[in-house]
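Structure, as structure tokens:
Atoms considered below: every heavy atom in the structure, side chains included; atoms not considered: hydrogens, waters and symmetry mates. Since the structure is predicted, the reported quantities are computational estimates derived from the model, not experimental observations.
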Amino acid sequence: MKEKRSRSSSAPAGSRESLANSLEDVISSQESIKEALTEWQQKFTKDQLAQLTPQQRKLYSAIWELIMTERDYCRDLAILVNDFMKPMQNMKLDKRNLQLLFCNIEYLLTISTDFLQQLEGLSDLKDLKKCADVFMQTAERFMHYTPFCAMQQTTNKQVQQMLSKPEVKAFLQKPHLRKLDLNGFMLKPVQRICKYPLLIREIIKHASTSHPDYPDLQRALEKIQGAVKAINECSKKLVSYEAIYETQTR
């Protein structure tokens, strides 16, 4: 028992801090979900709320969770762009390596901002067709996640050397908003694109199969699942091409 305690206590400070930050992030996410369970109620009068069935309440909570978590995601992308990427662009670092690192993150922020505006435009939570249409209209743009997801699967030596420079290390070690490090923020787009099918499934789970818009939700799910699958397949191809290129240029 003593040996086990000494091992855990000897864990690097950075690891313990990273774990603590991860736990804080989980707690923050759980708090957002709790808020989602009640904030949507402001769109209904007291009489309307009293008439809702438990299933309807769960349905509207699921839709509101989608909206609230998209807000959080937009905020995280904005932090990644404004608090990480732009300051690093002013450090006189190699532009190609910065492009490899951050890829098209600014455009992903644009996509997410537009998507959020459409979601927030859902004035009537009972209109499931509009919710489905938002996904259908954005599915094609989600394909722009492909290069970013691919770059997260590769380990470019030049990029790693850039991140190991003293001035960059000093910058990255400074406390940032949300207490996440660069890697934590860089994972957000990959996690989010994989989350969309789960969020739609949760909405479908609580929607009545007899609802006239139910087929639209099913089509939206199929569309997003197809997009995520295509992103994964294209990302794997890009990673393979990158590996071949690095081998040939050694």
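- Nearest heavy-atom pair, Pro147 versus His144, reported as atom, atom and distance to 0.1 Å: CD-O, 3.4 Å.
- Residues Phe185 and Asp76 approach most closely at CD2-O, 3.7 Å, considering heavy atoms.
- When the salt bridge (Lys or Arg N to Asp or Glu O under 4.0 Å) test is applied to Lys165, no partner is found at least two apart in sequence or on another chain.
- With a 4.5 Å cut-off on side-chain heavy atoms, Leu187 and Asn183 do not count as touching.
- With sequence neighbours left out, the side chain to side chain donor-acceptor pair (under 3.5 Å) criterion links Gln137 to Gln118.
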**Request:** Go through the steps to decide whether Lys126 and Tyr60 satisfy the test side-chain contact (heavy atoms from CB on, under 4.5 Å), and finish with yes or no.
**Result:** CA-CA 8 Å; Lys126 298 188 291 295; Tyr60 301 144; 2.9 Å; yes
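- Listed by chain and number, the residues in a salt bridge (Lys or Arg N to Asp or Glu O under 4.0 Å) with Lys223 are Glu140 (sequence neighbours excluded).
- With salt bridges taken as basic N to acidic carboxylate O contacts below 4.0 Å, none links Lys58 and Glu202.
- Side-chain contact between Phe84 and Leu172 is present, with heavy atoms from C-beta onward closer than 4.5 Å.
- The side chain to side chain donor-acceptor pair (under 3.5 Å) search around Asp216 returns Arg219, not counting sequence neighbours.
- A side chain to side chain contact (heavy atoms under 4.5 Å, CB included) with Leu100 holds for exactly one of Gln158, Met162, Met151; it is Met151.
- Under the rule for a ring-ring contact (aromatic ring centres under 6.0 Å, His included), the partners of Phe115 that lie at least two apart in sequence or sit in another chain are Phe135, Phe142, Tyr196.
- For residues 103-118, the salt bridge (charged side-chain N to carboxylate O under 4.0 Å, His left out) pairs, not counting sequence neighbours, are Asp114-Arg141.
- What you find for Leu221 and Pro197 is that their closest heavy atoms are CD1-O, 3.6 Å.
- Contacts of Asp213 classified as salt bridge (Lys or Arg N to Asp or Glu O under 4.0 Å), with partners at least two apart in sequence or in another chain: none.
- At a cut-off of 3.5 Å, with distance as the only test, no side-chain donor of Arg192 or Ser112 sits close to an acceptor on the other residue.
- Here the shortest heavy-atom pairing between Lys169 and Ser164 reads CD-O, 3.2 Å.
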Report the C-alpha separation of Ile231 and Ile193 in whole Å, then their side-chain angles, then the decisive distance to 0.1 Å, and conclude whether the side-chain contact (heavy atoms from CB on, under 4.5 Å) test is met. CA-CA 9 Å; Ile231 290 169; Ile193 195 65; 3.8 Å; yes
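- A pairwise comparison of heavy atoms in Ala220 and Met136 identifies CA-SD, 3.6 Å as the closest pair.
- Put simply, the side chain of Leu199 does not reach to within 4.5 Å of the side chain of Glu70, judged on heavy atoms.
- Of the possible donor and acceptor atoms, one in the side chain of Ser235 sits under 3.5 Å from a partner among the backbone N and O of Thr146.
- With sequence neighbours excluded, the residues that form a side-chain contact (heavy atoms from CB on, under 4.5 Å) with Asp94 are Arg96, Asn97.
- Residues that satisfy the salt bridge (Lys or Arg N to Asp or Glu O under 4.0 Å) test with Arg201, not counting sequence neighbours, are absent from this structure.
- For Asp83 against Phe171, the heavy-atom pair with the smallest separation is O-CZ, 3.1 Å.
- Put simply, the side chain of Leu128 does not reach to within 4.5 Å of the side chain of Tyr214, judged on heavy atoms.
- For Gln152, the side-chain contact (heavy atoms from CB on, under 4.5 Å) partners two or more places apart in sequence, or in a different chain, are Phe148, Met186, Val190.
- Evaluation of the side chain to side chain donor-acceptor pair (under 3.5 Å) rule for Lys195 yields no partner, not counting sequence neighbours.
- For Glu222, there are no side chain to side chain donor-acceptor pair (under 3.5 Å) partners two or more places apart in sequence or in a different chain.
- Donor-acceptor pairing under 3.5 Å is lacking for the side chains of Ser208 and Gln55.
- The line from CD1 of Ile224 to OG1 of Thr138 is 7.0 Å long, rounded to the nearest 0.5 Å.
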